[in-house]
Amino acid sequence: MTETVSAEKNLSAQRPILFRYALLQLRDRELADDAVQETLLAALQSASDFEGKAGLRTWLIGILKHKIADHWRRSAREPSVPEFTQADEDDADTGQDEFFMSTGHWNGGPKAWADPEAALKQLEFWTIYETCQNNLPPKMAKVFMLRELVGLEADEVCREAGLSEANYWVIMHRARLRLRECLDIRWFNNTKQEKHHA
Amino acid sequence: MRSCRDISTLVSQGLDKKLSLRERFTIWLHVMMCTRCRNFQKQTQFIRKAARHYIDDL
């Protein structure tokens, strides 16, 4: 009896991350919530499988992926976002480096941003944010989203995306450099357009 | 003396794992003198916050 209670507790602690994972793919809070509930129920029904809880989250995400795939099959619609499983070979761009000189100094480099907190309250900022995020090469975007949107730990992202640890550090570094630069050009140091004070 | 490329790599890693005391000290010494790396540090923290807002409002 107490075992079931603690199993439920362990499972529900995973709920926020599962929800964000589902939301990112289904783009609908209600559908995401359903998928997570089905996942947790399926997990409870085979509770004996997750005794070694080290890989609990990976196991749950495995179940969740099936639920999401089921949803797309039922609705006979194409996923609105590319599946996380898609591969691409944009690792090539890690060779040349537009952010740093050969000496390791910044090429240009981050200028100050005035009052970034205020941007969070502006609708137009979020359009820009989304554009910048979507401008990342697909695999980089996936790694970034699993880490920063879903909130998986680095080693979990590596498992999810089939990356070595060394690769992970390179990709996340570049994702942050790119996103930062894009936000800088399109929003924070954008001199072309008036945007402040909504 | 570490380069800005190295420091920004460490800063980025610091968002994804716990750095050693030595690594944190290296960053700290560097950003005291380097505005651009300091901006990178602040702005990547901001991006993390923005990312979380983004998914919460999706």
Side-chain angles (χ1 to χ4, degrees), chain A residues 16 19-21 23-24 26-29 32 97 99-113 116-117 119-121 125-126 128-130 132-133 144-145 147-155 157-158 165 168-177 179-184 188, chain B:
Chain A
F19 178 73
R20 292 197 294 269
Y21 188 100
L23 180 60
L24 203 52
L26 297 168
R27 301 269 159 169
D28 181 297
R29 300 190 83 87
D97 193 339
F99 296 107
F100 298 96
M101 325 261 246
S102 54
T103 56
H105 286 113
W106 288 104
N107 179 14
K111 286 180 255 166
W113 288 355
E117 293 294 317
L120 298 174
K121 298 185 194 95
F125 171 77
W126 293 109
I128 303 278
Y129 176 87
E130 192 163 46
C132 288
Q133 193 170 262
F144 177 84
M145 287 178 185
R147 173 68 185 133
E148 297 289 35
L149 303 191
V150 178
L152 295 183
E153 297 298 333
D155 59 332
V157 177
C158 288
E165 200 187 314
Y168 174 88
W169 301 126
V170 173
I171 291 179
M172 278 305 283
H173 186 210
R174 298 195 66 79
R176 290 178 172 128
L177 286 165
L179 203 49
R180 195 215 67 78
E181 184 179 72
C182 181
L183 292 174
D184 188 83
F188 289 106
Chain B
M1 185 63 215
R2 304 268 223 128
S3 72
C4 293
R5 185 199 279 123
D6 294 340
I7 295 298
S8 69
T9 301
L10 270 184
V11 165
S12 178
Q13 288 185 352
L15 289 164
D16 299 329
K17 70 168 178 190
K18 189 155 172 41
L19 299 179
S20 68
L21 184 61
R22 177 188 289 272
E23 288 168 323
R24 280 179 282 148
F25 184 67
T26 306
I27 293 175
W28 181 75
L29 269 185
H30 184 100
V31 299
M32 285 221 304
M33 302 173 308
C34 176
T35 326
R36 287 182 286 185
C37 284
R38 195 160 61 236
N39 286 338
F40 181 77
Q41 188 179 37
K42 275 192 275 184
Q43 290 166 11
T44 49
Q45 283 162 3
F46 170 78
I47 287 171
R48 162 158 294 174
K49 191 172 175 180
R52 206 33 86 79
H53 272 253
Y54 173 80
I55 186 86
D56 286 343
D57 289 342
L58 204 64

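Reckoned from all heavy atoms, side chains included, excluding hydrogens, waters and symmetry mates.
- Taking chain B as the reference chain and counting heavy-atom pairs below 4.5 Å, the highest number among Thr103(A), Val157(A), Leu177(A), Asp155(A) is found for Leu177(A).
- Aromatic ring orientation, Phe188(A) versus Phe46(B): perpendicular (interplanar angle above 60°, classes split at 30° and 60°).
- Interface summary for chain B: among Gln133(A), Arg180(A), Met101(A), the most heavy-atom pairs under 4.5 angstrom belong to Arg180(A).
- Ranked by heavy-atom pairs under 4.5 Å with chain B, the list Pro116(A), Ala154(A), Ala32(A) is led by Pro116(A).
- How far CG of Leu24(A) is from CG of Leu58(B): 7.0 Å, rounded to the nearest 0.5 Å.
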Exercise for the section: Applying side-chain contact (heavy atoms from CB on, under 4.5 Å), run through Asp97(A) and Arg5(B) and close with a yes or a no. Expected result: CA-CA 10 Å; Asp97(A) 193 339; Arg5(B) 185 199 279 123; 3.5 Å; yes
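- Between Leu15(B) and Met172(A) there is no side-chain heavy-atom pair separated by less than 4.5 Å.
- A distance of 9.0 Å separates CD of Gln13(B) from NE2 of His173(A), quoted to the nearest 0.5 Å.
- Using a 4.5 Å cut-off between heavy atoms, Phe144(A) touches chain B through its side chain atoms alone.
- Shown here for Leu23(A) and Ile55(B), the closest heavy-atom pair between the two residues is CD2-O, 3.5 Å.
- Only the side chain of Thr44(B) comes within less than 4.5 Å of a heavy atom in chain A; its backbone stays farther off.
- Within residues 20-29 of chain B, no residue has a heavy atom under 4.5 Å from a heavy atom of chain A.
- To the nearest 0.5 Å, atom OG1 of residue Thr35(B) and atom CH2 of residue Trp106(A) are 12.0 Å apart.
- At distances below 3.5 Å, at least one donor-acceptor pair connects side-chain atoms of Arg36(B) with backbone N or O atoms of Gly108(A).
- In this structure, the portion of Lys49(B) lying under 4.5 Å from any heavy atom of chain A is its side chain and not its backbone.
- In terms of heavy atoms, Ser3(B) sits closest to Gly104(A) at CB-O, 3.7 Å.
- Using a 30° and 60° split on the angle between ring planes, His53(B) and Trp126(A) fall in the parallel class, below 30°.
- Side chain of Gln43(B) to main chain of Glu181(A): no donor-acceptor pair is present (N/O by atom type, distance under 3.5 Å, no hydrogens or angles).
- Interface remark: Phe99(A) contributes no atoms to any contact with chain B (heavy atom separation under 4.5 Å).
- At a threshold of 4.5 Å between non-hydrogen side-chain atoms, the residues Phe100(A) and Ser8(B) count as touching.
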Exercise for the section: Step by step, work out the side-chain contact (heavy atoms from CB on, under 4.5 Å) result for Tyr54(B) and Met145(A). Expected result: CA-CA 11 Å; Tyr54(B) 173 80; Met145(A) 287 178 185; 6.0 Å; no
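- Arg29(A) places no side-chain N or O within 3.5 Å of a backbone atom of Asp57(B) that could act as its donor or acceptor partner.
- We find the CZ-CD distance between Arg176(A) and Gln45(B) to be 10.0 Å, quoted to the nearest 0.5 Å.
- Looking at Leu120(A), the atoms closer than 4.5 Å to chain B (heavy atoms on both sides) all sit in the side chain, from C-beta outward.
- When the salt bridge (charged side-chain N to carboxylate O under 4.0 Å, His left out) test is applied to Arg20(A), no partner is found at least two apart in sequence or on another chain.
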